[in-house]
Amino acid sequence: MSDAQKQPQNAPKKQNDNLKLPTREQDFSKWYIEVISRAKLADNSDVRGSMVIRPNGYAIWENMQRVLDGMFKDTGHQNAYFPLLIPESYLAKEAKHVADFAPQVAVVTHAGGKALPEGERYVIRPTSETIINRSFTNWVQSYRDLPILINQWANVMRWEMRPRLFLRTTEFLWQEGHTCHASEAEATEETLRMLDVYERFAEDYMAMPVIKGQKTESEKFPGAVNTYSIEAMMQDKKALQAGTSHMLGQNFAKMFDTMYQSKEGKKEYVWQTSWGVSTRLIGALIMTHSDDAGLVVPPKLAPLQVVIIIIGKTPEERGPVREKAHAMAADLKKAGVRVLVDDDETKGPGFKYAEYELRGACLRVDMGPKDLAKNEVTLARRDTRSKETIQVESTVARCHELLEQMQKDLFEKAKAFRAANTHEVNTVEELKAKADDGFLLMHWDGTPETEKRFKEEFGVTTRNRPFDLKQEPGKCVLTGNPSTGRIVFAKAY
RNA sequence: CGGGGCGUAGCGCAGUCUGGUAGCGCGUCUGCCUUGGGCGCAGAAGGUCGUCGGUUCGAAUCCGGCCGCCCCGACCA
């Protein structure tokens, strides 16, 4: 008799496949979409490429914002806000650079009930270098006005052909830092300082290991002298650019005459930087840690760190449990833990277990009459899905410990995954075999032509040239021409 | 924008080939029951079959246009 036939009569309640997520193995991108939908993070809207960020998703963004904003303030930056609409002529000013943006830009052609004349139209910001420089030009007179260190939290719009929730939407939320400095050295220092901030945020808060490095000529921001990025590996082994920091040189200063008078009384163009991360990070977070049961979020950014589930057969049984649960929640809250008591009477505990796993609550406390009789509760961990029984009094301390441990473990796990899927590749055969297999460290002759061949023939693109990879000369995998050092290639989002 | 797939109840799908009263599972609502891994029973509500047009006595079904979603490319944070 086969296993399928000998279902015992008291078989545990049948699993309903309707309720399960597709697995990452089966279909990674369907899994991703489903996690977002089932965890109630975001919806597609009727405007193609635009999303509705739901409270559960927005709460993650708020946590990210809070942490990043603190880091920006700690490095001397101030927030400001610049307009959504940018005179089209501003973009024309930098046609040479921002021509690259043109296909992605939405233009306002009508306003006030009539068509706007050519030359008086607006674009919806795809990024704000131009309009911010317009202000900087007014703000900067003297070297005494420098540096200017500004950040803005805003929405931007880039028309996308293939939108994907959080990763690539036509409208998205981000922060863009914009700074002016008196020297090239200072601007470079700032560019790298903010890249470090992003690295620290990604690793210490998102528990997502990243590679810091420099973008190639063809991958850099239009208008920048140099672009640096942090690159992360998702669970499908594809690379995701998680943040960028640009050294803009004097390119925008020259377009907008952003000048200062030096100590020597000479007029000089300012040196500038810009840097940003976006709601894309939410997508990165999902694809780095989540599993087939749903969302997994590192405790430092999790909207819900502990959920308390009340169990009991009758209202008489549940009453005292509920009371205890709320007291415990108050203690946890006092200790700085984001906690929720689920005392919804209309849903059973099994349902709630599955629900909070889907939603990514880091820890779950199960509390029933049997536990309380023994002065215990059950504590379940989301990432490892392990359970333990603890004394009621030790709950706060144990939750703190586990949250801290989970934060560390998630990072280590992601790091190990990346290490297992990073390869030095030296031949075309290896490249063929490993093209889908994560980060490939390869020699490349440095020409855009060869870079293009890597992309067209193998689907891999340059991610960045890592700072912490020793650069030793070698031979380009494709052409055999000399290379100055290895660079990260991968299939990328 | 090119290639492929799909659009039927809130969600997942069958029905389309071969035209003839709109179906299933989950969810929702009501009542009872239940609560330590998505409980059970009974009843109910809910759909202009993406949209516009054509063929036909009759279209979810056949034909055409358009829109949207997913996958693969080109583009991108």
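Every chain is numbered from 1, with letters handed out A, B, ... down the list of sequences. All values derive from a computational prediction rather than experimental measurement.
Atoms CD (A/E355) and C1' (B/rC11) sit 14 Å apart, rounded to a whole Å. In this structure, CD of A/Q241 is placed 6 Å from P of B/rA77, rounded to the nearest angstrom. Atoms CD1 (A/I310) and P (B/rG36) sit 14 Å apart, rounded to a whole Å. One atom, CG of A/L21, and another, C1' of B/rG12, lie 13 Å apart when rounded to the nearest Å. In this structure, A/R168 atom CZ and B/rC75 atom P are separated by 12 Å, rounded to whole Å. Summarising the geometry, the separation between CD on A/E456 and P on B/rG2 is reported as 20 Å, rounded to the nearest angstrom. Taking atom CZ of residue A/F458 and atom C1' of nucleotide B/rC72, one finds them 19 Å apart after rounding to whole Å. Remark: C1' of B/rC39 and CD of A/E345 are 16 Å apart, rounded to the nearest angstrom.
At a threshold of 4.0 Å, the pair A/D371-A/K324 does not count as salt-bridged, since none of the basic side-chain nitrogens sits closer than that to a carboxylate oxygen. At a threshold of 4.0 Å, the pair A/D468-A/K212 does not count as salt-bridged, since none of the basic side-chain nitrogens sits closer than that to a carboxylate oxygen. With respect to the salt-bridge test (charged N to carboxylate O, under 4.0 angstrom), the residues A/E355 and A/K347 do not qualify. Using a 4.0 Å cut-off between charged side-chain N and carboxylate O, A/R24 and A/D292 make a salt bridge. A/E357 and A/R385 are joined by a salt bridge, as a carboxylate oxygen and a charged side-chain nitrogen come within less than 4.0 angstrom of each other. With salt bridges taken as basic N to acidic carboxylate O contacts below 4.0 Å, one links A/K73 and A/D69.
Minimum atom distance to the side chain of A/R162 is reached by B/rA74, of the listed B/rG36, B/rA74, B/rA77. Side-chain proximity of A/Y353 to B/rG36, B/rC75, B/rG38: nearest is B/rG36. Comparing atom distances between the A/R364 side chain and each of B/rG37, B/rG38, B/rC75 picks out B/rG37 as nearest. Listed nucleotides: B/rA77, B/rC70, B/rG37. Nearest to the side chain of A/I33: B/rC70. Taking only side-chain atoms of A/L358, from C-beta outward, the nucleotide of B/rG38, B/rG36, B/rA77 with the closest atom is B/rG38. Side-chain proximity of A/N44 to B/rG37, B/rC70, B/rG38: nearest is B/rC70. Nearest to the side-chain atoms of A/P369 among the listed nucleotides B/rG36, B/rG38, B/rC72 stands B/rG36.
Annotation: B/rG46 and B/rC11 have their C1' atoms spaced 14 Å apart (nearest Å). Comparing the P positions of B/rU8 and B/rC69 gives an interatomic distance of 14 Å, to the nearest angstrom. For B/rG10 and B/rC1, the C1' atoms lie 34 Å apart once the distance is rounded to whole Å. Atom name C1', nucleotides B/rG31 and B/rU16: the rounded distance is 40 Å, in whole Å. Annotation: B/rA14 and B/rU61 have their C1' atoms spaced 13 Å apart (nearest Å). Nucleotides B/rC57 and B/rG64 are separated by 23 Å at their C1' atoms, to the nearest Å. Going from the C1' atom of B/rC63 to that of B/rC17 covers 15 Å, rounded to whole Å. Across B/rC62 and B/rG20, the matching C1' atoms stand 15 Å from one another, rounded to whole Å.
A 3.5 Å limit on both hydrogen-bonding distances identifies no Watson-Crick or G-U partner for B/rA60. Using N1 to N3 plus N6-O4 or O6-N4 for Watson-Crick, or N1-O2 and O6-N3 for G-U wobble, each under 3.5 Å, B/rG7 pairs with B/rC67. With a cut-off of 3.5 Å on both pairing distances, B/rA14 has no Watson-Crick or G-U wobble partner at all. When both distances must be under 3.5 Å, the Watson-Crick or G-U wobble mate of B/rC39 does not exist. Nucleotide B/rG73 has B/rC1 as its partner under the Watson-Crick or G-U criteria, with both atom distances under 3.5 Å. Nucleotide B/rA22 has no partner under the Watson-Crick or G-U criteria, as no pair reaches both atom distances under 3.5 Å.
Ranked by how close their nearest RNA chain B nucleotide is to the 5' end, A/F172 and A/I311 are led by A/I311. Each of A/A354 and A/E34 was matched to the nucleotide of RNA chain B holding its nearest heavy atom; the match closer to the 5' end belongs to A/E34.
Residue-level contact check: A/S278 touches the bases, meaning some heavy atom is under 4.0 Å from a base atom. Residue A/K352 is classed as having no contact, given no heavy-atom separation below 4.0 Å to the nucleic acid. In this structure, A/T378 reaches the bases: a heavy-atom distance under 4.0 Å links it to at least one base atom across the strands shown. Contact annotation for A/R385: base contact, defined as any heavy-atom pair under 4.0 Å involving a base atom. Across all strands, A/E317 comes closer than 4.0 Å to no nucleic acid atom at all (heavy-atom distances). Looking at heavy-atom distances under 4.0 Å, A/G348 makes contact with a base. Among the protein residues, A/I309 comes within range of no part of the nucleic acid, since none of its heavy atoms lies under 4.0 Å from any strand. Across all strands, A/T169 comes closer than 4.0 Å to base atoms (heavy-atom distances).
Judged by distance alone, with hydrogens and angles left aside, the side-chain atoms of A/K491 form no donor-acceptor pair with the main-chain N or O of A/G438 at under 3.5 Å. When atom types are taken as modelled, the side chain of A/R125 and the backbone of A/I86 share no donor-acceptor pair closer than 3.5 angstrom.
Residue A/R164 places at least one side-chain N or O closer than 4.0 Å to OP1 or OP2 of B/rC71. Of the side-chain N and O atoms in A/K455, one or more sit less than 4.0 angstrom from OP1 or OP2 of B/rC75. Residue A/S29 places at least one side-chain N or O under 4.0 Å from the OP1 or OP2 atom of B/rC71.
When each of A/V35, A/L295, A/L21 is paired with A/L358, the side-chain contact (heavy atoms from CB on, under 4.5 Å) condition holds for A/L21 and for no other.
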